[in-house]
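To keep things clear, I will list the structure first and then write my remarks on it.
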Amino acid sequence: MSILLILEQVLNGLQFGVMLFLMAAGLTLVFGVMGLINLAHGALYMVGAFAAAAVAGLTGSFLLALVASLAAAAAAGAIVEVAVIRRLYDRDHLDQVLATFALILIFSEGTRWIFGSFPLFLDVPDYLSGPVSLPGGIEYPLYRLTIIAIGLVVAAALFWLIARTRIGIQIRAGEADREMIAALGVDISKLYTLVFALGAALAGLAGALVGAIQSVQVGMGEPVLILAFVVIVIGGIGSIKGALVGAVLVGLTDTLGKVFLPQFFGLFLEPASATSVGASLASMLIYILMALVLLVRPSGLYGGST
Amino acid sequence: MLTRETTLNIALAATLLAVPLLALAMDEIFIITLATKVAILALAGVGLNIALGIGGLVSLGHAAFFGIGGYAMGILAAHAQNYEPIMEVPFLIEGTNQMPIIWLIAIVASALAALVIGALSLRTSGVYFIMITLAFGQMLYYFAISWSAYGGEDGQSIWVRNEFPGLNTLDPIQFFLIAYVILCLVLVFSARLARSPFGLALAAARQTEERVMTVGLTPFHLRLVAFVISGAITGLAGALYADLNRFVSPTMLSWHTSGEIMVFVIIGGVGRLFGPLVGAAVFILLEHILGGFSEYWQIFLGLLLLLMVLFARGGLIGAIVGREVAHD
């Protein structure tokens, strides 16, 4: 096993982690600020991917497709927030789970109605396809490298937004004490819609970016949603920093586990059973990681007490 | 005097028995199968209702126990039909096609899984608990997909339905009666559990945790026991469901299944003894009425569910009998 292969897999894990961060950031913001658990976040990821695929099909421009994914997911998020979600802030988690589960059914079947059951394809544009040579002689797909870059830029922008801007101050204040900031004259319901739409836009962007690697299909958001839950449970709910650390941890663990566990078991098992044991264990690895984190820190790596 | 809810419950139990008997008289075998499905899914919901309704534990991972029950049946029956022992060293374990043994193993296996998952997830509460139970359910789902020995993603088919001593399980009405009797027994058990000192303490832990601790009880232990009982019942339902379909696949473990089991409980009314039966019946009816009318029937299910959550709290039983039973 060469060092190049390991480095390549580390980059793959990082790319996966960065995507998870885009999903997890929205979830953790919405939970931190509004106290809402949103199962329909994966549906917004799907909306972004479908919008991108549709616009790319019409115009042929990947950049426009990305813009469309952001806009469509943000709009869907804002509409859903105004129509449904804002009635759920004062409800218990059970109602939130059910209502957002209902939203998933509506979004998934609605998308199937409009676009049909067959997957759509979103092509990587020419200027981003093909490999690039990295220092050390690694050949790595330019598109995946671009995803890592976009993810890191978004993460930096989000930290800046939360830490340095007026909106960020209001968001943090909303997390700490919502009555108080309402009393200080901040339009809290507008702020909530904004935060929800922001989270939705990030999920939509993730959907579009991943849609160009995988296929764009109904239900694509749900596996990612559950991974994003694992990420924020590990990172600590409400913490953007926790979401970033958790996402990279989960991305690396999952990717490296899938590649190296079968090889590891191959050292002392016969090839067929090594592959199957390794693959089974690799699929469970991130959940084991989550269980371990919970044993040590029940409220996640960066979570406060809940 | 009977309360209105008890009267309604008796009527519901009688209806569930009467419909397939009528269908038998009219030779409508399909309706018997639907009623069996309702009874089994209601059983899964009754299991969840112990954790959710009495204990207030919002578990979004009950598909794990449903699926473990299903796989217990699938694995035992698969080995029985191929005449291959499950293991030979250190001692011989063979498959079986006897339902009582399969049920026992399904119950034990899902109870053990609930013990491990519960012990880990109950260290947390609220939204963490929801996400963690969801994640553990998903872990088993992916495990089942990659476990090629029992069909992996394609699932495991069983050619002949398992046997119950003295009955012909391939006769739909006899299999229905098996499911119906089990459902009734578990309902009685669940009703007694809710009124037992344990059930009262569990409900108290949901309402005011501090008070329960003050009298010297540990909420964690109460909840863990409730979670294990809940998982075991849902596991039993899983074994029956797999037997109904003569098929088990990772779909039984998927989180949509968890969501659906929860939907049964909610449609009927959280904490209502017969809530899961009403919910499962309504769900199956909707599936067949709306499903015949549009391929995209789940949109309407989603809308209905959304309206129920937003405007009709307390579920259908709550809407019919009102809030005569104090819960929260």
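The basis for the numbers below is simple: all heavy atoms, side chains too, and nothing from hydrogens, waters or symmetry mates. Note on naming: letters A, B, ... go to the chains in the order of the sequence lines (proteins, then strands), and numbering restarts at 1 for each one.
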Inset, instruction - Verify side-chain hydrogen bond (donor to acceptor under 3.5 Å, both in side chains) between A:T100 and A:H41, making sure each step is shown before the conclusion. - result: CA-CA 9 Å; A:T100 52; A:H41 204 66; over 6 Å; no

Let me know if [X] has heavy atoms under 4.5 Å from chain B in its side chain, its backbone, both or neither.
X	value
A:V233	both
A:M290	side chain
A:I226	side chain
A:I286	neither
A:L225	side chain
A:L281	neither

Checking heavy atoms, do the side chain of [X], its backbone, both or neither come under 4.5 Å from chain A?
X	answer
B:V127	both
B:L304	neither
B:L307	neither
B:I130	side chain

Legend entry - Ion pair A:E109/A:R112, N-O distance below 4.0 Å: yes

Legend entry - Short N-O contact, B:E209 and B:R223, less than 4.0 angstrom: yes

Legend entry - Member of A:Y45, A:F107, A:W113, A:F115 meeting the ring pair (Phe, Tyr, Trp, His ring centres under 6.0 Å) criterion with A:F50: A:F115

Inset, instruction - I would like to know whether B:F264 and B:N49 meet side-chain contact (heavy atoms from CB on, under 4.5 Å); could you show each step before the answer? - result: CA-CA 10 Å; B:F264 306 150; B:N49 210 8; over 6 Å; no

Inset, instruction - Could you have a look at A:V230, A:L88, A:V84, A:L285 and say which one has the most heavy-atom pairs with chain B under 4.5 angstrom? - result: A:V84

Legend entry - Flag side-chain contact, heavy atom, 4.5 Å: B:L301 against B:F283: yes

Inset, instruction - Flag the pair A:V224 / A:F16 as yes when at least one side-chain heavy-atom distance between them is below 4.5 Å, and no otherwise. - result: no

Inset, instruction - Determine the option with the most heavy-atom pairs under 4.5 angstrom with chain A, choosing from B:M308, B:H256, B:E295. - result: B:H256

Inset, instruction - Determine the option with the most heavy-atom pairs under 4.5 angstrom with chain A, choosing from B:I132, B:V263, B:L140. - result: B:I132

Legend entry - Residues A:E81, A:T193; criterion side-chain hydrogen bond (donor to acceptor under 3.5 Å, both in side chains); working and verdict: CA-CA 6 Å; A:E81 201 274 343; A:T193 312; 2.8 Å; yes

Inset, instruction - Answer yes if the ring centres of B:F227 and B:H62 are under 6.0 angstrom apart, and no otherwise. - result: yes

